[in-house]
Amino acid sequence: QVQVVESGGGLVQAGDSLRLSCRASGRTVSRNSLAWFRQAPGKEREFVAAISWSDGITYYADDVKGRFTISRDTVRNAAYLQMNTLKSEDTAVYYCAFKTGSGSYYSTQPYDYWGQGTQVTVSS
């Protein structure tokens, strides 16, 4: 069984930065891409960023472009989300997920494995 664990969340002020980490453990699993989603209280889970595992092509939600950067480490089976110039609207639980097959980068349904989330709170 594959375990996915996020870390790096916390309480910061608007304008600050955080780097989230995502690590997969257990048996090696072939993957297509990895993504970060977030969910604020009372809201649906929304796409933040994704990266193709094979070629490193990245995808971003419009409201994080230029502020967030997704990256991967194939040796460590890890991925990162560098978040700069954080805003109050970024407050949410952030989830790491990856999928082994094809499908939309932006939808939750194609993703096979999920972490339990890490809380990011940005005070204004």
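For the numbers below, each heavy atom of this structure counts, side chains included, while hydrogens, waters and symmetry mates do not. Predicted model only: the values in this text are computed from it and were never measured.
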Mind checking whether Leu20 and Val120 have side chains closer than 4.5 Å, heavy atoms only?
yes
Closest heavy-atom contact between Pro110 and Ser104?
CG-O, 3.5 Å
Tyr60: partners by ring-ring contact (aromatic ring centres under 6.0 Å, His included), with sequence neighbours left out:
none
Please step through side chain to side chain contact (heavy atoms under 4.5 Å, CB included) for the pair Ser33 and Trp53, ending with a clear verdict.
CA-CA 5 Å; Ser33 61; Trp53 207 255; 5.7 Å; no
Holding to side chain to side chain contact (heavy atoms under 4.5 Å, CB included), I want the full list of residues that pass it with Val12, two or more places apart in sequence or in another chain.
Asp16, Leu18, Leu86, Val122
Note: Ala40 and Ala92 closest approach over all heavy atoms is N-CB, 3.8 Å
What salt bridge (Lys or Arg N to Asp or Glu O under 4.0 Å) pairs are there with at least one residue in residues 34-52, not counting sequence neighbours?
Arg38-Glu46, Arg38-Asp63, Arg38-Asp90
Which atom of Tyr95 lies closest to which atom of Gly115, heavy atoms considered:
CD2-O, 3.6 Å
Do the side chains of Val48 and Tyr105 join up, straight or via other hydrophobic residues, at under 4.5 Å, putting them in one cluster?
no
Please identify each residue that fulfils ring-ring contact (aromatic ring centres under 6.0 Å, His included) with Tyr111, with sequence neighbours left out.
Phe37
For Gln82, what residues pass the side chain to side chain contact (heavy atoms under 4.5 Å, CB included) criterion, not counting sequence neighbours?
Ser17, Arg19, Thr69, Asn84
Whether Tyr106 and Tyr59 hold their rings parallel, tilted or perpendicular, with breakpoints at 30° and 60°:
perpendicular
For Tyr80, check ring-ring contact (aromatic ring centres under 6.0 Å, His included) against everything at least two apart and list the hits.
none
Working for side chain to side chain contact (heavy atoms under 4.5 Å, CB included), residues Thr100 and Tyr113:
CA-CA 9 Å; Thr100 59; Tyr113 302 98; 4.0 Å; yes
Same cluster (ILVMFWY, side-chain, under 4.5 Å), Val2 and Val5:
no
With distance as the sole test, does Glu6 use its side chain to make a donor-acceptor pair with the main-chain N or O of Thr118 at under 3.5 Å?
no
Answer yes or no: are there more than 12 heavy-atom neighbours, outside Gln119 itself, under 6.0 Å from its atom CD?
yes
Where is the tightest heavy-atom contact between Lys99 and Gly101, given as atom of each residue plus distance?
NZ-O, 3.0 Å
Report yes if the side chains of Arg72 and Leu34 come closer than 4.5 Å at any heavy-atom pair, otherwise no.
no
Kindly indicate whether the side chain of Phe98, heavy atoms from C-beta on, has any atom under 4.5 Å from the side chain of Ile51.
no
For the hydrophobic clusters of this structure (ILVMFWY residues joined by side-chain heavy atoms under 4.5 Å, transitively), does one cluster hold both Ile70 and Trp114?
no
